[in-house]
Amino acid sequence: MNQSRQCDEKYMSNTAANIQRKINSASDLKGVVRTMKAVAASSISQYENSVSALADYYRTVELGLSASLRGSGSNMPLLAPAFHQPAADSQVIGAIVFGSDQGLVGQFNEDLADFAINILRKLGEKPRVWAIGERVQARIADSGVAIEKGFSVPTSVNGIADLVRQIQIESDTQGTSAINAVVYVFHNRPVSASLYQPVSQRLLPLDHQWYRDLIQVQWPTKMPPEFLCSSSTTIAALIREYVFISLYRACAESLASENASRLAAMQRAEKNIDELLENLTRDFDRVRQSSIDEELSDVLAGYELLNTSQK
């Protein structure tokens, strides 16, 4: 009987030690999750602030384009080839998809990839896809759509401009922005603190509606601007800045959405860890109480035996 009791005590001791190790591991993991939550929340505000700051720059480019188009003296500037509609028989469909390199973002890449693939398939052409982020590249490749070129996701706000310039250089080199190209941009856009939605934008070519909207923008003062060079050169430079702003905004919104998705995932993980810690603590208390009950039972049994022997 004593041997059996010793075995029970040893078992309960081992069980309590195992539970305590699990509690310690869960507590350490909770600390990591809290750190990741703080980093994600901080990153969201940085990317959202960069998008807000970009609005003033976009307004400046918009005013410049409006004034340049009105002063060009023609309905469609001839020296901006990406402005015109491409011929149907030579049309090239280009797609730029902004995803993520890192995990712990829920369905961030899956939702975006499925959204982009559905739209591209409706166009009826074999697209030339440039993907930013290894995770979304893998998702698109699994669907049977070939990835022509891949890029790494910027790790900070300062890296967005370098990525956009790299895309523009590659585009100019391979002729993606030429007259026979239609370029779409796909990315996730934040809609709340922890929610996002996939969106698309036809970046090129710039069509008649774009032209009509721009020439209706009024100069904010009574003094119109003066052009020191040809209007066609100015228009071409401003259109390049317009494309830069569009890609920069898409990347910044994608990064904000990524961190929002990661924040939501970390919140769910923290909730699960809290529930696990609560269950483990309850199990530890039960095992500990059983051990205490056994010890009390031994004390009482010894006391009764001692009294019997004395009598």
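Residue numbers run from 1 in the order of the sequence given.
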(request) Determine whether Y196 and S261 make a side-chain contact, defined as any pair of heavy atoms from C-beta on separated by less than 4.5 Å. (result) yes

(message) Any non-hydrogen side-chain atom of V182 less than 4.5 Å from a side-chain atom of L204?
(response) no

(request) Please name the pair of heavy atoms, one in I239 and one in W210, separated by the smallest distance, quoted to 0.1 Å. (result) CG1-CH2, 4.2 Å

(request) Identify the two heavy atoms, one from I140 and one from I117, that lie closest to each other, and give their separation to 0.1 Å. (result) CA-CD1, 4.2 Å

(message) Once you measure the plane-to-plane angle for F244 and Y248, does it fall in the parallel (<30°), tilted (30-60°) or perpendicular (>60°) bin?
(response) tilted

(request) For the pair F115 and F186, name the ring-plane relationship: parallel under 30°, tilted 30 to 60°, perpendicular over 60°. (result) perpendicular

(message) S254: which residues meet the side-chain contact (heavy atoms from CB on, under 4.5 Å) condition with it, sequence neighbours left out?
(response) F98, F108, H187

(message) Does atom CD (Q20) have a neighbourhood of more than 12 heavy atoms from anything else shown, all under 6.0 Å?
(response) yes

(request) Kindly write out the residues that satisfy salt bridge (Lys or Arg N to Asp or Glu O under 4.0 Å) with R282, not counting sequence neighbours, or none if the list is empty. (result) E278

(request) Taking side-chain contact (heavy atoms from CB on, under 4.5 Å) as the test, write out the residues that go with E275, two or more places apart. (result) K271, N272

(message) My understanding is that only residues two or more places apart in sequence, or in another chain, count here; which of them pass side-chain contact (heavy atoms from CB on, under 4.5 Å) with E270?
(response) K30, V33, R34, K37, D274

(request) Please report the shortest heavy-atom distance between S257 and N188, naming the atom on each side. (result) OG-O, 3.0 Å

(request) Return each pair, listed once, that meets salt bridge (Lys or Arg N to Asp or Glu O under 4.0 Å) where at least one residue sits in residues 238-256; pairs must be two or more places apart or across chains. (result) D172-R240, R189-E253

(request) Go through the structure and list residues passing side-chain hydrogen bond (donor to acceptor under 3.5 Å, both in side chains) with Q107, not counting sequence neighbours. (result) none

(request) Apply side-chain hydrogen bond (donor to acceptor under 3.5 Å, both in side chains) to S200 and list each qualifying residue two or more places apart in sequence or on a separate chain. (result) none

(request) Provide the full list of salt bridge (Lys or Arg N to Asp or Glu O under 4.0 Å) pairs with a residue in residues 92-106, sequence neighbours left out, each pair given once. (result) none

(message) According to a hydrophobic-cluster definition based on side-chain heavy atoms being under 4.5 Å apart (Ile, Leu, Val, Met, Phe, Trp, Tyr only), do V164 and V199 belong together?
(response) no

(request) Apply salt bridge (Lys or Arg N to Asp or Glu O under 4.0 Å) to R268 and list each qualifying residue two or more places apart in sequence or on a separate chain. (result) none

(request) Apply salt bridge (Lys or Arg N to Asp or Glu O under 4.0 Å) to D285 and list each qualifying residue two or more places apart in sequence or on a separate chain. (result) none

(request) Heavy atoms only: give me the nearest L276-A26 pair and the separation to one decimal. (result) CD2-CB, 4.3 Å

(message) Quick one, S152 and I132 - any side-chain contact, counting heavy atoms below 4.5 Å?
(response) no

(message) Suppose the criterion is salt bridge (Lys or Arg N to Asp or Glu O under 4.0 Å): which pairs have a residue in residues 107-123, not counting sequence neighbours?
(response) D114-R139

(message) Other members of the hydrophobic cluster containing L63, with the 4.5 Å side-chain heavy-atom rule, please.
(response) V217, W219

